[in-house]
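Chain identifiers are assigned alphabetically (A, B, ...) following the order of the sequence lines, protein sequences preceding nucleic acid strands; residue numbering begins at 1 within each chain.
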Protein chains: 2
Amino acid sequence: MTSTEPQATPPARRRGRRPAGEDTRSALLAAAGEVFVEQGYDGATVRAIATRAGVDAAMVNHWFGGKEGLFAKAVLQLPFDPQQTVAALLAGDRADLAERIVRTFLTIWDTNEGGRFTALVRSMTSHDAAAQALRNFFQHMIFERIIGQLGIDQSDLRASLCASQLLGLGLVRYVLRFEPLASSDVDTVVAAIAPTLQRYLTEPIAPAAG
Amino acid sequence: MTSTEPQATPPARRRGRRPAGEDTRSALLAAAGEVFVEQGYDGATVRAIATRAGVDAAMVNHWFGGKEGLFAKAVLQLPFDPQQTVAALLAGDRADLAERIVRTFLTIWDTNEGGRFTALVRSMTSHDAAAQALRNFFQHMIFERIIGQLGIDQSDLRASLCASQLLGLGLVRYVLRFEPLASSDVDTVVAAIAPTLQRYLTEPIAPAAG
DNA sequence: GACTGCTTTCAACGCCCGATGAACAACAGG
DNA sequence: CCTGTTGTTCATCGGGCGTTGAAAGCAGTC
């Protein structure tokens, strides 16, 4: 209530360009990654992301053209090269192939980079681009290529079976957090899931009276 | 401001009680079932449900107290008694137990009643009540009871593993519609998935080095 | 036939969303 | 210094959401 002094506005950040050095764009990307993981595409609001990044919501439009563009840059990008990953997975003994796959994805999924997958899974039921990205990744980029290299029948069916188990695992472990699977260590999960994948990859799966 | 003439309203549908016989409540329940299946909890709007039912959106509040109550009545109710289902599943040969489970759920899922599961799966990533209902159903009501009757170790882990594969299957087959798994006939899917469940139910799943 | 109560529609409220455009401040180049 | 450019905030827009209260009309009762 001190009337004579007009200088009572240091806390509120003033308008105009910031004093350089602070990177609004990457702050938004980081905040978007977190919020999309926690809330999914629909649940995450542009305002919440901007608040967490400490900037105005209009910056999302300025830097990314809108919410959709931010999602594409923050979530819809692969954290690694799928072709190279597939090659690395196929490099070892085929008896351990499924184990390597499960371990690889659990490891990725547990890192910060793997948060993208959680964000995708959380968004897939409401956001078409997320669902399409998941299908394209798991089914076409990973499992069809692996199974194609194995030279075995019913490659498409096998790919969607593998995708169903791996997506179900990600869903239960990272999104719905069913216990004890959500807290089990990697070795336990690998021991449990890998034989399933190994069977989907290489063993007969036809119905009895095909 | 009110310069325009108050023209006589064209009688689209008049106000007031309808000529009896038409059941607004069940029309809303049916429409809600459809829309929740197609859109999930967040995507489905009260207005869209009411429009499909051919009534006013306010009826949702009048008959169900709100969107949440309508969801509870239309989706969050089991179309059968789980205890009885578990008993029926356990009645036969244990070697075929997993096959019976997969076949039972595929059959239910393919009927109209099974649309509730699709609605739950579509809603689980954004709506807590849906996620909780799925966990309660698959993990506690079905698999923990079955595995408990089998008298085997790690029953909780086994239950969440079974849930992961069955939820992944439902997701891929009914929501994301990955081909060819989405269009495969029941026998093919049973032949592919049942051995996985059988292993989760009864065979050793511990990691190599304890 | 009037009264009473239930059902239904209508109009509107308050809220939050994503997006827009203008005002403004810091920088870069001369 | 002055000038143009670019990054930033602010105020606001248009729209959709779930919900609400009141008016309107049918149905049953006396």
Roughly how many Å is it from [atom1] in [X] to [atom2] in [N], rounded to a whole number?
X      : N       : atom1 : atom2 : result
K67(B) : dT19(D) : NZ    : C1'   : 12 Å
F64(A) : dG18(C) : CZ    : P     : 15 Å
I49(B) : dG18(D) : CD1   : P     : 8 Å
D42(A) : dG16(D) : CG    : P     : 15 Å
N61(A) : dT8(D)  : CG    : C1'   : 13 Å
R25(B) : dT7(C)  : CZ    : P     : 11 Å
H62(B) : dG21(D) : NE2   : C1'   : 13 Å
M59(B) : dT7(C)  : CE    : P     : 8 Å

Might you list the N or O atoms of the protein lying below 3.5 Å from N or O atoms in nucleotides 14-16 of chain C, with each pair's distance?
none

I want to check one thing: is the phosphate of dT7(C), taken as OP1 and OP2, less than 4.0 Å away from some side-chain N or O of T24(B)?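 No, outside the criterion.
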Check this one for me: any side-chain N or O of W63(A) less than 4.0 Å away from OP1 or OP2 of dT8(D)?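 W63(A) to dT8(D) OP1/OP2: side-chain N or O found under 4.0 Å.
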Less than 6.0 Å separating the ring centroids of F117(B) and F137(B)? yes
Would you call the rings of F143(A) and F138(A) parallel, tilted or perpendicular if under 30° counts as parallel and over 60° as perpendicular?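 Rings of F143(A) and F138(A): parallel, under 30°.
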Is there side-chain contact between L106(B) and I193(B), with heavy atoms separated by less than 4.5 Å?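 L106(B) does not reach I193(B) side chain to side chain.
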Just how far is it from atom CD1 of I101(A) to atom OG1 of T85(A), taken to the nearest 0.5 Å?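 Going from CD1 on I101(A) over to OG1 on T85(A), the span is 11.0 Å.
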Applying a 4.0 Å non-hydrogen cut-off, can you work out what A50(B) is touching in the nucleic acid: base, sugar-phosphate, or nothing?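 Here A50(B) touches no strand at all.
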How would you label the contact of A48(A) with the nucleic acid (heavy atoms, under 4.0 Å): base, sugar-phosphate, or nothing? nothing
Are any side-chain N or O atoms of R116(A) and backbone N or O atoms of L76(A), one a donor and one an acceptor, separated by less than 3.5 Å?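 Side chain of R116(A) to backbone of L76(A), a donor-acceptor pair under 3.5 Å: no, none is there.
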Please check: side-chain N/O of R173(B) versus main-chain N/O of S184(B), any donor-acceptor pairing under 3.5 Å? yes
List the atom pairs, with distances to 0.1 Å, where a side-chain N or O of residues 159-169 of chain B and a protein N or O form a donor-acceptor pair under 3.5 Å, not counting sequence neighbours.
| residue | atom | partner | partner atom | Å |
| --- | --- | --- | --- | --- |
| S160(B) | OG | D156(B) | O | 3.1 |
| S160(B) | OG | L157(B) | O | 3.1 |
| S164(B) | OG | Q165(A) | NE2 | 3.2 |
| S164(B) | OG | L161(B) | O | 2.7 |
| Q165(B) | OE1 | Y200(A) | OH | 2.8 |
| Q165(B) | NE2 | S164(A) | OG | 3.2 |

Counting only heavy atoms not in Q84(A), do more than 12 sit closer than 6.0 Å to its CD atom? no
Could you tell me if E68(A) and H127(A) have a donor-acceptor pair between their side chains, going purely by distance under 3.5 Å?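 Per modelled atom types, H127(A) and E68(A) side chains form a pair under 3.5 Å.
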DNA chain D-proximal residues of residues 29-39 of chain B, any heavy atom under 4.0 Å: none
